[in-house]
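Because only heavy atoms are used, hydrogens play no part in the values below, and waters and symmetry mates are left out as well, while side chains stay in. Chain identifiers are assigned alphabetically (A, B, ...) following the order of the sequence lines, protein sequences preceding nucleic acid strands; residue numbering begins at 1 within each chain.
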Amino acid sequence: MPPLARDLIINKIERALEAARSQNLLPLDDIPSVEVERPSNPDHGDFATSLPLRLARATRLAPIHIAETLTGLIPTDDLVEKVWAAPPGFLNFSLNTHWLQRQVAEILDAAENFGSIQPADPRKVMVEFVSVNPTGPIHVGHTRGAVLGSVLSAVLQAAGHDVTREYYVNDAGTQMELFYSSVYARYLEILGDDAQLSADGYQGDYVIDLAKEILDDEGERFAGIEQDEAVKEIGNIARDKMVSHIEKDLASLGVTFQVWYREHTLFESGEYQQTLDLLESEGHLATRDGALWFSSEALGDERDNVVVRSSGAPTYFASDMAYHHNKFLQRDFDTVINVWGADHQGHITRLKTAVGAMGVDPDRLQIIITQMVTLKRGNELVKASKRSGDFISLKELVEEVGPDACRYFFLARAPGTQMDFDLELATKESSENPVYYVQYAYARICSILQRAQDQDLAWDDADLSLLEDPHELTLIRKMLLLPEIVEKVSQTLEPHHLPHYTLELATAFHNFYENCRVISNNPSDADLTAARLKLTAAARVALHRCLTLMGMTAPTRM
RNA sequence: GUCCCAGUAGCUCAGUUGGACAGAGCGGCUGCCUUCUAAGCAGCGGGUCGCGGGUUCGAAUCCUGCCUGGGACGCCA
């Protein structure tokens, strides 16, 4: 992977600053950190920095003077065609056309690795996401986190990190007990007993379906045995079925995991006890009112939190502490990213506090909160509550909208914003969804390249210096942005930049297509045709990578 | 009551961590298919960036006070 043009330019500016200092052209005590941006206006070049404006105060010089001084110290070369100062004090750079043309070959050489980068700090990263309790099917509200987590994982991997995608299965705790008894109650109900489902039990029809399945598979034997034992056995079966349903539903959306980590293993392995011992030895635990508390208030949290109830049962928080002990201290992840729904927001501080109490830098735990998804049918609100059973499942959603559009829809919005999902609109507009715009560009590319192949046209040895049309150069410039986008997403943990970029890339291709005929019928254009085919092939590489990173299909025809 | 997130075009949303004239898609209006896919392209119209102060060369972006919407504050998960 060659260095990014951006980094080469930053380097040039740094050297110019060094020179300015040693030649006493600028009164600098030390070299400031240099940042460049991508100007939105093409007239301002490919890269720009506002550094002169920032240096004005410290140097007591006019920004434009600083910009002009630096301009004189930055030589143009193979990469940079032009450097100029622009009022009130910007320093602009435009890239050398021949350099741009050569990048077409670089992109083709990189092939499916195009867009990948080498990070300054390669890390072992875990992305834990979805992690819905296996007490019911996965529904629309969870879809957002599922898509976000899977794309984030893919991008982090492209950014050179060692990524593990993990689902935390909460198979211990009171909600699971309630779920188990709910299935048991339905089981008995089918066998003719009076309904015994408690008011706070799980009401959804899927519980009945589950009970039927178990009845079909296992027969009536659970009716004959003692209740506690029956609930336990039925519970185990129901849980396994639920987990595998969830796994299948997520897979239909293209979301997969490497590890399904079970909560109860924390207790079996002794890690739970180990975690408590560690916290105890550091003086972070206290007994009060018959319960065991984590003294988080002393560590800056708003209040202390219960770890073990007076009943002796550990809280969810307790196993979550043990789980993060496992992530950081047992499995040695450098960075752990948790994707949580907005309802878990209150949990952030205490978990970070707990991680800190274990001697782990809390900044190594990064929590992304996805805001609520409000589900609508037209103007009608659709409630999504698992216990009432009235919800739209992920499965239904994928069947109705399709996985690609579904992914794009959730992906294109920043995680921190609440969003409305109008089912009516989503299906009605599906043919005009931006996802088709992008895929259409890809299909067009494939169609052209197929035609070229049919005509035995080769482009490997094409003369890329023929690519001089503004639309051609714009397309090249746009493609070269991908590594920067990958880096940005991996740093900000905001995958929504990717679909937005992909849309721009598709636009750049559509514009090229409209303005530059690729395969010419005129034999005298053979060289230009070859060059444009090569560019088209590079565009296929770039768009394909985008679609792959987003977990979407790349159709060769539409 | 305290804390967190959000408020940008008719609608759905971006806005490169304080920069150059505020963008895209959809919807509306007008053009473009006898040559590689019209699921496309070109153009027009559309904004008090929730409101008021402040910080500075410069604010949609940072600070502060309000307004509106959502969420979190349990020996639930």
Think [X] has a side-chain N or O under 4.0 angstrom from the OP1 or OP2 of [N]?
X	N	value
Arg309(A)	rA77(B)	yes
Thr417(A)	rA14(B)	yes
His500(A)	rG23(B)	no
Tyr437(A)	rC41(B)	yes
Arg350(A)	rC73(B)	no

With sugar-phosphate meaning primed atoms plus P, OP1 and OP2, does [X] contact a base, only sugar-phosphate, or nothing at under 4.0 Å between heavy atoms?
X	answer
Ser310(A)	base
Ser520(A)	nothing
Arg557(A)	base
Tyr513(A)	base
Arg303(A)	sugar-phosphate
Met176(A)	nothing
Gly173(A)	nothing
His496(A)	sugar-phosphate
Thr370(A)	nothing
Asn511(A)	sugar-phosphate
Asp304(A)	nothing

- Item | Tyr180(A): partners by ring-ring contact (aromatic ring centres under 6.0 Å, His included), with sequence neighbours left out |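 If we apply the ring-ring contact (aromatic ring centres under 6.0 Å, His included) test to Tyr180(A), skipping adjacent residues, there are no hits.
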
- Query: In chain order, what residues pass the ring-ring contact (aromatic ring centres under 6.0 Å, His included) check against Phe47(A), with sequence neighbours excluded?
  - Reply: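 Testing Phe47(A) for ring-ring contact (aromatic ring centres under 6.0 Å, His included), a comparison that skips the adjacent residues, returns none.
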
- Please determine, for the side chain of Asp289(A), which listed nucleotide (rA14(B), rC75(B), rA20(B)) has the closest atom?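 So the side chain of Asp289(A) is nearest to rC75(B).
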
- Selection from rG25(B), rA20(B), rG71(B) that lies nearest to any side-chain heavy atom of Asp343(A):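 Out of rG25(B), rA20(B), rG71(B), the nucleotide with an atom closest to Asp343(A)'s side chain is rG71(B).
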
- Report yes if some heavy atom in the side chain of Val373(A) is under 4.5 Å from a heavy atom in the side chain of Phe410(A); otherwise report no.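 Touching, per the 4.5 Å side-chain cut-off.
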
What pairs with [X] under side chain to side chain contact (heavy atoms under 4.5 Å, CB included), at least two apart in sequence or on another chain?
X	result
Pro27(A)	Thr59(A), Leu61(A)
Tyr513(A)	Arg444(A), Ile448(A), Phe509(A)
Asn522(A)	Ser520(A), Ser524(A), Asp525(A)

Return the residues of [range] meeting this criterion: a heavy atom under 4.0 Å from some atom of RNA chain B. Order them by number, or give none.
range	answer
residues 36-50 of chain A	Arg38(A), Ser40(A), Asn41(A), His44(A), Ala48(A), Ser50(A)
residues 438-449 of chain A	Tyr440(A), Ala443(A), Arg444(A), Ser447(A), Ile448(A)
residues 523-544 of chain A	none

Starting at [atom1] of [X] and ending at [atom2] of [N], how long is that distance when rounded to a whole Å?
X	N	atom1	atom2	result
Phe317(A)	rC75(B)	CZ	P	12 Å
Leu503(A)	rU12(B)	CG	P	19 Å
Tyr501(A)	rG25(B)	OH	P	17 Å
His497(A)	rA24(B)	NE2	P	18 Å
Ile64(A)	rG58(B)	CD1	P	17 Å

- Item | Nearest-nucleotide comparison on RNA chain B, the residue closer to the 5′ end among Pro434(A) and Met558(A) |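 The residue whose closest nucleotide sits nearer the 5' end is Pro434(A).
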
- Message: On RNA chain B, compare the nucleotides closest to Val306(A) and Ala86(A); which residue's is nearer the 5' end?
- Response: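 In this pair, the answer is Ala86(A).
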
- Using a 4.0 Å cut-off on protein heavy atoms (strictly under), produce a 5'-to-3' string for nucleotides 28-35 of chain B with B for base contact, S for backbone-only sugar-phosphate contact, and - for none. -------B

- Message: Could you check whether Arg407(A) makes a cation-pi contact with Phe409(A), meaning its NZ or CZ is under 6.0 Å from the centre of the six-membered ring and within 45° of the ring axis?
- Response: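 No, a cation-pi geometry is absent between Arg407(A) and Phe409(A).
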
- Query: Within a reach of under 6.0 Å around CZ of Arg38(A), are more than 12 heavy atoms found that belong to other residues, nucleotides or ligands?
  - Reply: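 Enclosed: over 12 neighbouring heavy atoms sit under 6.0 Å from CZ of Arg38(A).
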
- Message: Within a 6.0 Å radius of atom CD on Glu35(A), are there more than 12 heavy atoms belonging to other residues, nucleotides or ligands?
- Response: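 Not more than 12 within 6.0 Å, no.
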
- Decide, for rC33(B), between syn and anti: a glycosidic angle within 90° of 0 counts as syn, anything else as anti.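 In terms of base orientation relative to the sugar, rC33(B) is syn.
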
- Message: I want to verify the glycosidic state of rU68(B); is it syn or anti under the 90° rule?
- Response: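 rU68(B): anti.
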
For [N] and [M], measure between their [atom1] atoms and round to the nearest Å.
N	M	atom1	answer
rC36(B)	rU12(B)	P	39 Å
rC5(B)	rG43(B)	P	40 Å
rA22(B)	rG46(B)	C1'	14 Å
rG25(B)	rA9(B)	C1'	12 Å
rA59(B)	rU64(B)	C1'	15 Å
rU30(B)	rC4(B)	C1'	48 Å

- Query: If pairs are Watson-Crick or G-U with both distances under 3.5 Å, what is the dot-bracket string of RNA chain B, marking crossing pairs with [ ] and pairs to another strand with |?
  - Reply: (((((((..((((.....[...)))).(((((.......))))).....(((((..]....))))))))))))....

- Message: When you measure only distances, ignoring hydrogens and angles, does the side chain of Asn515(A) come within 3.5 Å of the base of rA42(B) through a donor and an acceptor?
- Response: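 It does not, because no donor-acceptor pair links the side chain of Asn515(A) to the base of rA42(B) below 3.5 Å.
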
Nucleotide N/O of nucleotides 67-70 of chain B paired with protein N/O under 3.5 Å:
{"residue": "rG69(B)", "atom": "N2", "partner": "Gln418(A)", "partner atom": "OE1", "Å": "2.5"}

- Message: I'd like to check the salt bridge (Lys or Arg N to Asp or Glu O under 4.0 Å) partners of Arg350(A); sequence neighbours left out, ordered by chain and number.
- Response: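 Result, salt bridge (Lys or Arg N to Asp or Glu O under 4.0 Å) vs Arg350(A): none returned.
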
- Message: For Tyr202(A) and Phe179(A), take the angle between the two ring planes, folded into 0 to 90°, and tell me which bin it lands in: parallel under 30, tilted 30 to 60, perpendicular over 60.
- Response: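 The arrangement is perpendicular - the two ring planes meet at more than 60°.
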
